[in-house]
Amino acid sequence: MQPQKYWREIPARYRLEGGRCKKCRKAFLPSRLVCDACGSREFEKARFTGTGTVHSFTMIHTPPSGYSGPYVLAIVELDGGPKLTMQIADCGADEAKIGDKVRVEFRKLTQVGDAGVLCYGYKAVLV
Amino acid sequence: MAKIGIIGYGSCIPRNRIKVEEIAKVWGADAESFKRGLLLEEKSVPSPDQDTITMAVEASRRAVLRAGIDPAKIGALYVGSESHPYAVKPSGTVLAEALGATPECHTADLEFACKAGTEAMYICSQLVKAGSVPYALAVGADTSQGAPGDALEYSAAAGAAAFVFGSEEDKIVAELVDTYAFMTDTPDFWRREHMHYPRHGGRFTGEPAFFKHVCGAARGMMAKTKTQPSDFRYVVFHQPNGKFPLRAGQMLGFKKEQILTGWLVNRLGNTYSGASPLGLTAVLDEAQAGDRILVVSFGSGAGSDGFVFQATGRLASVQKLAAGTREQLDNKKRYLDYGTYARYRGKIRMAEK
Ligand SMILES: [Zn+2]
């Protein structure tokens with residue numbers, strides 16, 4: 001990952017700062033220019049809570065480069081917020097269930113080789 | 001003079017553990033000698049995606065939650081560690097950004113073997129006392145490593161503790177009564193640049209290093225505050241193994257029950273910069289208004305910081321606001337075998353990238 005791209009995503013990845021459509025209230029992380037639900041272009045800043053529910057998940061056995069598997073990749077619906085794709089950390093294949101409550105923790109996502117930037121962000125842990 | 005003190009505290013302990021038996025088995029060592037001699041049973045192990053920065057963030061979020069403050073008002077934050085993830089680039093900037101404390105914030109990464117966490121507490125408390133910043137955040141965090149098969153491998157563990165210092169009297173949960181520092185140049189333990197594992201002076205780490213500085217700082221702290229061991233409900237010492245803090249307590253005239261609440265090392269291991277700070281968080285989880293607490297850290301090289309705190313009436317109202325230290329130590333543990341532990345800790349040589 002380029003440091004510039006990583007840096008742009010810091011508010012969303014570190015603090016769950018995204019946007020909410022002013023017209024229909026749909027939540028997005030990161031925020032976007034046009035709401036995909038109502039077409040509005042007006043958004044307000046929103047900081048989402050670090051708790052949510054497992055909406056769905058799968059086991060990744062052949063991870064992309066920079067990641068080591070196997071790991072659980074889930075769609076987590078944040079309480080009062082958007083659905084996000086994130087890893088469930090410290091979790092085996094047989095431990096997660098749809099509907100499980102999770103808490104978002106700050107974890108290392110990947111590192112660029114042995115000398116590149118360290119990338120941090122959110123992962124879920126089962127509560 | 002205006003009162004200052006801790007207004008919020010938090011801790012982070014990884015879920016993974018490895019038992020002393022599991023390590024001893026690999027090296028043909030006698031597990032019983034570590035269990036009986038050093039009073040070690042198991043230690044925490046960070047997951048591959050946990051490091052000093054991630055644990056500092058988790059512990060600090062709990063501290064800010066208990067403090068009930070706007071993180072943008074944290075005017076200074078310091079992370080003390082001997083395992084900062086970058087050789088060049090601060091841990092503190094990531095922490096400040098994750099909390100929402102940027103950009104009006106001063107930060108520096110501190111290092112003094114196992115004492116870096118209390119160095120951060122020392123500096124933060126004095127900045128608040130001087131009125132330079134409204135709130136200051138001090139973190140001690142480490143994911144330290146011992147060389148495979150070395151005695152340190154049985155104890156080197158991972159964890160973090162964080163404290164928000166402030167001066168608003170209605171926010172203080174533990175008033176800082178006074179501080180004291182004691183240090184000399186003593187080469188008992190070190191790690192040179194680019195070296196992966198530390199070296200230590202074996203038995204030289206005991207009498208002339210740990211005991212001299214811990215007892216020196218504890219006696220100096222009690223003399224400065226005109227107190228004696230019986231004036232304290234709790235005492236927390238640096239805990240590189242189970243035996244050293246108990247022996248220091250005995251030498252100084254403390255009873256075992258004053259030590260045990262903050263004595264986590266038998267099942268946590270040595271969390272280096274996090275060790276005595278984590279002990280203090282475990283004490284703050286239990287303490288009641290009026291209880292006096294003596295904290296004495298130790299960092300090789302070598303020195304000790306002393307602190308006297310007194311719990312206030314507000315403490316009880318924040319204890320349950322976030323996960324407690326013993327709660328993290330006792331629950332949701334994941335036991336690792338040595339192979340998984342070696343992979344998690346990067347002890348296996350991989351193909352170059
Ligand atoms: Zn909309």
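Side-chain atoms are counted along with the backbone in the values below, which use heavy atoms only and exclude waters and symmetry mates.
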**Q** Give, as side chain, backbone, both or neither, the part of A/Arg47 having an atom under 4.5 angstrom from any heavy atom of chain B.
**A**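 Looking at A/Arg47, just its side chain touches chain B.
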**Q** Nearest 0.5 Å, please: how far is CG in B/Asp51 from CD in A/Gln111?
**A**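 Between A/Gln111 CD and B/Asp51 CG, I get 9.0 Å after rounding to 0.5 Å.
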**Q** Once you round to the nearest 0.5 Å, how far does OH of A/Tyr71 lie from CG of B/Asp49?
**A**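 These two atoms lie 11.5 Å from each other.
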**Q** Quick one: what part of B/Pro48 sits under 4.5 Å from any heavy atom of chain A, side chain, backbone, both or neither?
**A**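 Answer is backbone: N, CA, C or O of B/Pro48 sit under 4.5 Å from chain A.
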**Q** Output the distance between atom CE (B/Met350) and atom CG (A/Asp114), rounded to the nearest 0.5 Å.
**A**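 Reported value, rounded in 0.5 Å steps: 10.5 Å.
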**Q** Using a 3.5 Å distance criterion without hydrogens, assess whether the side chain of B/Arg334 forms a donor-acceptor pair with backbone atoms of A/Asp90.
**A**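 Flag set: sc B/Arg334 to bb A/Asp90 pair under 3.5 Å.
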**Q** Do A/Tyr120 and B/Pro85 have side chains that approach each other closer than 4.5 Å (heavy atoms only, starting at C-beta)?
**A**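 Heavy-atom side-chain distance check passes, below 4.5 Å.
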**Q** Which residues, numbered in order, of residues 53-72 of chain B come under 4.5 angstrom of chain A by heavy-atom distance?
**A**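 If one takes a 4.5 Å heavy-atom cut-off, the residues of residues 53-72 of chain B near chain A are B/Ile53, B/Thr54, B/Val57, B/Glu58, B/Arg61, B/Arg62.
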**Q** Just wondering, are more than 12 heavy atoms of other shown residues or ligands nearer than 6.0 Å to CD in B/Glu104?
**A**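 No, because the 6.0 Å sphere around CD of B/Glu104 holds 12 heavy atoms or fewer from other groups.
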**Q** Could you check whether atom CZ of A/Arg41 has more than 12 heavy atoms from other residues, nucleotides or ligands sitting under 6.0 Å from it?
**A**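 Atom CZ in A/Arg41 is not crowded, with 12 or fewer foreign heavy atoms closer than 6.0 Å.
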**Q** Below 4.5 Å from any heavy atom of chain B, which atoms of A/Cys91 appear? Answer side chain, backbone, both or neither.
**A**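 For A/Cys91, the contact with chain B is made by the backbone alone.
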**Q** Could you measure the distance from the CG atom of A/Leu118 to the NZ atom of B/Lys89? Nearest 0.5 Å is fine.
**A**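 Taking CG in A/Leu118 and NZ in B/Lys89, the distance rounds to 8.5 Å.
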**Q** Which atom pair, heavy atoms only, marks the closest approach of A/Tyr14 to B/Ala98?
**A**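 Minimum heavy-atom contact is CD2-N, 3.7 Å.
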**Q** Do you know which of B/Ala87, B/Gly100, B/Pro14, B/Ser47 has the most heavy-atom pairs with chain A at a distance under 4.5 angstrom?
**A**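 Counting heavy-atom pairs under 4.5 Å, the top option is B/Ser47.
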**Q** Quick check on B/Ile348: does its CD1 atom have over 12 non-hydrogen neighbours (other residues, nucleotides or ligands) under 6.0 Å away?
**A**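 More than 12 within 6.0 Å, yes.
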